[in-house]
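Have a look at the structure below before the remarks.
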Amino acid sequence: MADSHPAVSLHPLYRAEQVRELDRRTIAGGIAGFALMQRASAAAWQCLRERWPEVRSLTVLCGAGNNGGDGHVLAALAAAEGLAVQRILLKELDELSGDARRAADMATAAGVGAEPWSPGMAFSGQLLVDALLGTGLDGEVRGDFREAIAAVNASAKPVLAIDIPSGLHADSGAVLGEAVRAAATVTFIGDKLGLHTGAAADHVGELAFRALGVDALAEADLLPAARLLDASLIEAWLPPRARTTHKGDCGHALILGGAPGFGGAALLAAEACGRLGAGKVSLATAPEHVTASLVRRPEVMAHGVRGAADLGALPTLADVLVAGPGLGQGSWGQGVLQAALAAGKPLVVDADGLNLLAAHFAGMRREDWILTPHPGEAARLLGCTAAEVEADRPAAARALRERWGGVIILKGAGSLIEGPAGMAVCPFGNPGMASGGMGDALSGMLGALLAQGVPLESAARLGVLVHARAADLAAAEAGERGLLAGDLASYARILVNPTVCDGDL
């Protein structure tokens, strides 16, 4: 099976610089900048009315530049519809120029008053509109803007952010000192990568994208910075099996993990591997964990391994290896990982396997493995801090692939998958996944997909997608709090058999 992707159009995501170039080309092509601003404001106003039809008063906070201009035009539209509008200025009217000044004058002509920002001022609107800072922000928010953002967040009123929540980095999703926590965001022309990963999950709210008549994909030289995974990919990548399929067609995965005292992680991985359709699942684990494996999941072929020498031919008999769940960082784990690396088989490395790579195999680079770090593990693999990873998750994912090769899954809110075909972002998942063993379940799912012949990069994307969607289905049924990694396997099984899924899943 070639490592190609199915004919499903994935939503493109762009860097802020690319969107600005799209904006420039659109204006150069004959659409006036102010006309484009009016389109954006009209789209934002429509989203506002759809989301909050009961609102009768607004507070619109306007900064400088085009983002502030969008706010001024929206204020004019709201006033024309009979809403009471409070307009708060972070930039005095006489300091504005160009389209932003024209937009401000439009709001004034519509009868909208203007108040300069001052700390402690009251927000009279039922709803706040954030038009303070746009996608050009690259340094930490300071001064009046920081105070205004803090006041917006402290107000406890719902917020609509225009284009991006002020203070959020458009490329990385990092908070630049202080960022608006919006209930909804409407973004324009090209969707931004930073709205979909990292801290963005706590700031964007419900996201609406409006192209404003601009076809970004028509610009062949502006390749998307990433693509957003879509649930339809599951069926596209996993068509129904032939009636004559047998277990040998579905591959053999070997889970290597469960050092003495750490057996649970390997059992979770093995069960998830079986539930996603691997024909055979073997488990190499410390001898004291074999009985637990037989009781929990007798279909898994469990082998008691006292050390690497006990593995024998097991790694060479499997089609794919998963090394890391409960591996530990002692001599047992080091020896088992060394054997896995020497087997020459496609490999998933997770958890302590990643820590051992960082500590003992710093010069290694392979194209036939999937590495699945969370930010802490990513930091060890890169020789930096977890805070530095989270400050620019896309850059960290790219650096990991450049350094270690293969396909990288940088886990977290808006998990990133970086491979030869570029970056993909997972928009699914929920806070209930913040519990032990979730990564072990993912590594088992990845092993199952590779065993069934799904190519490396496609398996990484599909595994992350199924894992996150399964968690969402589990949370929808019983809530996020208390969600366990062991809950995911049964939901994942439903997802990879689309013919038994309700179309609304």
Below 4.5 Å, heavy atoms only, C-beta onward: do [X] and [Y] meet side chain to side chain?
X    : Y    : result
P346 : L321 : no
L347 : D368 : no
K411 : T372 : yes
L160 : L128 : no
Y14  : I189 : no
V159 : V152 : yes
V466 : L449 : no
L450 : I370 : yes

Side-chain donor/acceptor of [X] to backbone N/O of [Y], under 3.5 Å:
X    : Y    : result
W369 : R366 : yes
R49  : V55  : yes
K345 : T316 : yes
D487 : L484 : yes
D319 : G251 : no
N430 : E480 : no
H467 : G429 : no
Q18  : L223 : yes
T187 : D163 : yes
E388 : T385 : yes

For this session: Assess whether side chain to side chain contact (heavy atoms under 4.5 Å, CB included) is satisfied between V454 and L238, documenting all intermediate values.
Result: CA-CA 9 Å; V454 180; L238 292 175; 4.2 Å; yes
What are the two closest non-hydrogen atoms of [X] and [Y], and how far apart are they?
X    : Y    : result
V290 : A302 : CG1-CB, 4.1 Å
L381 : P373 : CD1-CB, 4.1 Å
L446 : G463 : CD2-CA, 3.9 Å
L132 : F145 : O-CE2, 3.7 Å
L229 : F428 : O-CE1, 4.0 Å
L133 : S166 : N-OG, 2.8 Å

Exercise. So E271 and R297, salt bridge (charged side-chain N to carboxylate O under 4.0 Å, His left out) or not? Walk me through it.
Worked result: CA-CA 7 Å; E271 181 172 16; R297 189 53 59 200; 3.0 Å; yes
To the closest 0.5 Å, what do you measure between [atom1] ([X]) and [atom2] ([Y])?
X    : Y    : atom1 : atom2 : value
L416 : M423 : CG    : CE    : 5.0 Å
R227 : L233 : CZ    : CG    : 11.5 Å
I409 : L400 : CD1   : CG    : 12.0 Å
T135 : I164 : OG1   : CD1   : 6.5 Å
E50  : C47  : CD    : SG    : 6.0 Å
E54  : Q126 : CD    : CD    : 7.0 Å

For this session: Determine the sole option in E477, R275, R469 for which the side-chain hydrogen bond (donor to acceptor under 3.5 Å, both in side chains) test with Y491 is passed.
Result: E477
Problem set entry | Name of the residue among H360, R380, E377 meeting side-chain hydrogen bond (donor to acceptor under 3.5 Å, both in side chains) with N355 | R380
For this session: Evaluate the criterion salt bridge (charged side-chain N to carboxylate O under 4.0 Å, His left out) for residue pair R401 and E367; output intermediate values, then yes/no.
Result: CA-CA 9 Å; R401 169 159 163 73; E367 294 301 329; 3.2 Å; yes
For this session: Check step by step if ring pair (Phe, Tyr, Trp, His ring centres under 6.0 Å) holds for F209 and H11.
Result: CA-CA 10 Å; F209 168 63; H11 181 67; 5.5 Å; yes
When you look at [atom1] of [X], are more than 12 heavy atoms from neighbouring residues, nucleotides or ligands closer to it than 6.0 Å?
X    : atom1 : answer
E17  : CD    : no
R306 : CZ    : no
K280 : NZ    : no
E402 : CD    : no
F262 : CZ    : no

Checking [Y] against [X]: is there a side-chain donor and acceptor pair closer than 3.5 Å?
X    : Y    : result
Q452 : R241 : yes
T285 : H303 : no
D191 : H196 : yes

For this session: Apply side chain to side chain contact (heavy atoms under 4.5 Å, CB included) to L465 and L495, showing your working.
Result: CA-CA 10 Å; L465 178 61; L495 286 166; over 6 Å; no
For this session: Before giving the answer on side chain to side chain contact (heavy atoms under 4.5 Å, CB included), spell out for Q329 and L356 the whole-Å C-alpha distance, their side-chain angles and the decisive distance to 0.1 Å.
Result: CA-CA 6 Å; Q329 298 184 57; L356 289 170; 4.2 Å; yes
For this session: Quick one: do L176 and L168 satisfy side chain to side chain contact (heavy atoms under 4.5 Å, CB included)? Show the steps, please.
Result: CA-CA 6 Å; L176 298 175; L168 194 71; over 6 Å; no
